[in-house]
Participant: 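Here it is: the structure, laid out below.
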Protein chains: 2
Amino acid sequence: MESTAVLRRFNRTYTQRIGALDETFLGLGLPLASARLLFEIGYVGPVTAQVLRARLGLDSGYLSRLLRGLEERALVAVAPDPGDRRRRVVSLTRAGGRMLARLDQRSEELALGLLEPLSERQRGRLAEALATADLLVRAATIAFEVVDPASPDARTAMGHYFDELDRRFDGGFDPGPLTDEDLATMRPPGGTFVLARSDGEVAACGGVQPLGAGIGEIKRMWVHDGWRGAGLGARMLRRLEDDATALGHTVVRLDTNGTLTDAIALYERNGYRSIERYNDNPYAERWFEKDVRSR
Amino acid sequence: MESTAVLRRFNRTYTQRIGALDETFLGLGLPLASARLLFEIGYVGPVTAQVLRARLGLDSGYLSRLLRGLEERALVAVAPDPGDRRRRVVSLTRAGGRMLARLDQRSEELALGLLEPLSERQRGRLAEALATADLLVRAATIAFEVVDPASPDARTAMGHYFDELDRRFDGGFDPGPLTDEDLATMRPPGGTFVLARSDGEVAACGGVQPLGAGIGEIKRMWVHDGWRGAGLGARMLRRLEDDATALGHTVVRLDTNGTLTDAIALYERNGYRSIERYNDNPYAERWFEKDVRSR
DNA sequence: CCATTTGTCTGACTCTAGTCAGATAATCGG
DNA sequence: CCGATTATCTGACTAGAGTCAGACAAATGG
């Protein structure tokens, strides 16, 4: 069957039966919108109304009313922000925390009720299927974003990358200090740095830096462990190649270590061919190149 | 990870990203409830309001208004049922068919848009996972219902059962005429007949009839082909055992043919032991018994 | 320091998605 | 044939989830 047909059929089944998990909230006398708001406040901690509006996409008047409703039930406390007294900071009260815990419990009970008729084995199968679907749906809706390589998220992502190399290389890996010039090469013109984010969390990263006339080098490509098997590596590679083309490069090169067999397989699957050593990176053992002109 | 946690996590991911498929409908100026109704009418063909109400779980007054709304837009035609002039038969008009096609296309485009970033292989994996999840979620929410064995749905289900035996037995199978006495044995006191329904469609059936003091016989247990692997057989068996106990039986028996290896495995897995022939059913080759007193 | 912008709030709406209590007409059972 | 039942419809509600315009106060830029 075609994928879209399966997706649409599932969507029908799902909204009919599990969509009801949402109605959890109604059971506790809290409308859905209010419950979502409460969840958001509980999740991010004390926030300004502004941030809530942005995160949930609410009208300011509507949010104001929702917040007052929660305040009247003593679930949240609203106070002016000392730094800017136009802003209002919202935080959970004790009672709000308890309500959140009850919502959570109710949601758990409903989930349990749904699974109850299934045997242990079938529950396992369902969990496995849903976990796969979850990963792939999240992967499909991931957002790629060009960021400055010196930004905190970019630095964190590169840090993960270095940590992974350190774990996987036999003798460990020492990136040396991350100098400003080092980062500057992954900025325009000639360079770029890309993050893949899902729900604000960084899932993958990668950069391009210039390596001579018409040649771009792909650097620091990394995919978060939790995202293995979702094809993010291939998508990031493709994205970086496109960006390299847009930056005026006609060829991209990259180096890698022999222990990174999955990375090597990825490059080979995507049209990279082995070339001679082109740099003096002591950790590099394999060098690749791909023509990205004709795209 | 625990199943409920996976389910809840998936629910969050899903409502955020795919729940948007619903908003399709809004794009075409048709409220969600009306669009769902239109889909249902298009899917099952001309139907009575009664059937629509049962399938979508709508209040009769609400349905009446929704139908009038669709009628005013000339998307459906409503006419009295010639057979029973209280009933009203709803059918799609030309314009209704076109609207449905547009809704369908819109939904297809959205689904395609969601899947687009995935590779062919990942789309296949997602489709497989969703198909599994779909089957199991539907199985988990299936409803068992005691019906009269002479009711149309019961007769249809038994018909499927006989057809399957006819296909699977080497020399075919002839149930003979379904006599009234034959059916009467699967009514209280002493007997029962159970259907498993999903969205109104019969997914499985089975009956109990008295077979002497304290002994019930399980008969005509059948599971729809599309529901294989969802554990419906085991659940129906369990349900019939419970019903037999409630009817005062302390032992249940059943017979089967050697070609029905899956059924035999099911019985053995669920505590049935082989016994000597207890009837003169010419198609029976194996006889089983289970003590259902201590439950 | 004054006009503008920003962040929030209020009032007045709209639309969707129902629910509930009867009314009405057709059909059924005895 | 008559009373009960069934299938649908109408009227009168409610609650949720927003939208939009404008008011108001605090902050900001020149």
Side-chain angles (χ1 to χ4, degrees), chain A residues 15-16 19-20 22-41 46-73 76-91 103, chain B residues 15-16 19-20 22-41 46-73 76-91 148 151-152:
Chain A
T15 45
Q16 266 176 25
D22 277 355
E23 287 159 34
T24 317
F25 309 135
L26 300 172
L28 295 171
L30 210 55
L32 186 57
S34 301
R36 274 207 280 254
L37 188 53
L38 199 67
F39 263 114
E40 197 65 27
I41 298 164
V47 256
T48 60
Q50 200 181 13
V51 171
L52 289 172
R53 241 173 46 226
R55 290 181 70 111
L56 297 174
L58 299 172
D59 174 84
S60 76
Y62 186 33
L63 175 64
S64 172
R65 254 176 282 263
L66 286 176
L67 282 177
R68 203 171 52 231
L70 292 177
E71 210 180 357
E72 274 162 15
R73 288 159 185 265
V76 304
V78 181
D81 182 344
D84 179 342
R85 291 165 46 74
R86 286 172 306 182
R87 281 203 266 255
R88 310 256 275 146
V89 179
V90 188
S91 51
L103 288 173
Chain B
T15 46
Q16 267 175 25
D22 277 354
E23 286 159 34
T24 319
F25 308 133
L26 300 171
L28 295 171
L30 211 55
L32 186 56
S34 302
R36 274 207 281 251
L37 188 53
L38 199 67
F39 261 114
E40 199 64 27
I41 298 164
V47 255
T48 61
Q50 200 181 14
V51 171
L52 289 173
R53 239 174 47 225
R55 292 180 68 112
L56 297 173
L58 298 172
D59 174 85
S60 76
Y62 184 33
L63 175 63
S64 172
R65 254 176 281 263
L66 285 177
L67 283 176
R68 203 172 52 231
L70 291 176
E71 210 180 358
E72 273 162 16
R73 288 160 184 265
V76 304
V78 181
D81 181 344
D84 179 344
R85 291 166 44 75
R86 287 171 306 181
R87 280 202 266 256
R88 310 258 273 147
V89 179
V90 187
S91 51
D148 191 278
S151 67

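These numbers come from a predicted model, not from an experiment. Order of the sequence lines fixes the chain letters, A, B, ..., with proteins taken first and strands second; residue numbering starts at 1 for each chain.
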Participant: CG of B:D59 versus P of D:dA12: gap in Å, rounded?
Facilitator: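 Atom-to-atom, B:D59 to D:dA12, this comes out as 17 Å.
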Participant: Is B:R68 touching bases, backbone alone, or none of the nucleic acid, heavy atoms closer than 4.0 Å?
Facilitator: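 Sugar-phosphate only.
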Participant: In terms of the nearest nucleotide of DNA chain D, which residue is placed more toward the 5' end: A:Y62 or B:V51?
Facilitator: B:V51
Participant: Between B:L66 (CG) and D:dC9 (C1'), how many Å, whole number?
Facilitator: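 My rounded result for the distance is 13 Å.
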Participant: Starting from P on D:dC9, measure out to CD on B:E72 and report it in whole angstrom.
Facilitator: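 For the pair B:E72 CD and D:dC9 P, the rounded distance is 13 Å.
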Participant: Rounded to whole angstroms, how far apart are CG on B:L30 and C1' on C:dC15?
Facilitator: 14 Å
Participant: Taking CZ from A:R87 and P from D:dA25, how many angstroms apart are they, rounded to a whole number?
Facilitator: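 A:R87 atom CZ is separated from D:dA25 atom P by 20 Å.
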Participant: Rounding to a whole Å, what distance do you find between B:L58:CG and C:dG18:C1'?
Facilitator: 10 Å
Participant: Send over the distance from A:L63 CG to D:dC20 C1', rounded to a whole Å.
Facilitator: 16 Å
Participant: Starting at CG of B:D81 and ending at P of C:dT27, how long is that distance when rounded to a whole Å?
Facilitator: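 Whole-Å distance recorded here is 9 Å.
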Participant: Among the candidates C:dA17, C:dA25, C:dT10, find the nucleotide nearest to the side-chain atoms of B:L32.
Facilitator: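 When the side chain of B:L32 is considered, C:dA17 is the closest of C:dA17, C:dA25, C:dT10.
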Participant: Side chain of B:R88 only, heavy atoms from C-beta on: which candidate in C:dT19, C:dA26, D:dC9 is closest?
Facilitator: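 Between C:dT19, C:dA26, D:dC9, the one nearest the side chain of B:R88 would be D:dC9.
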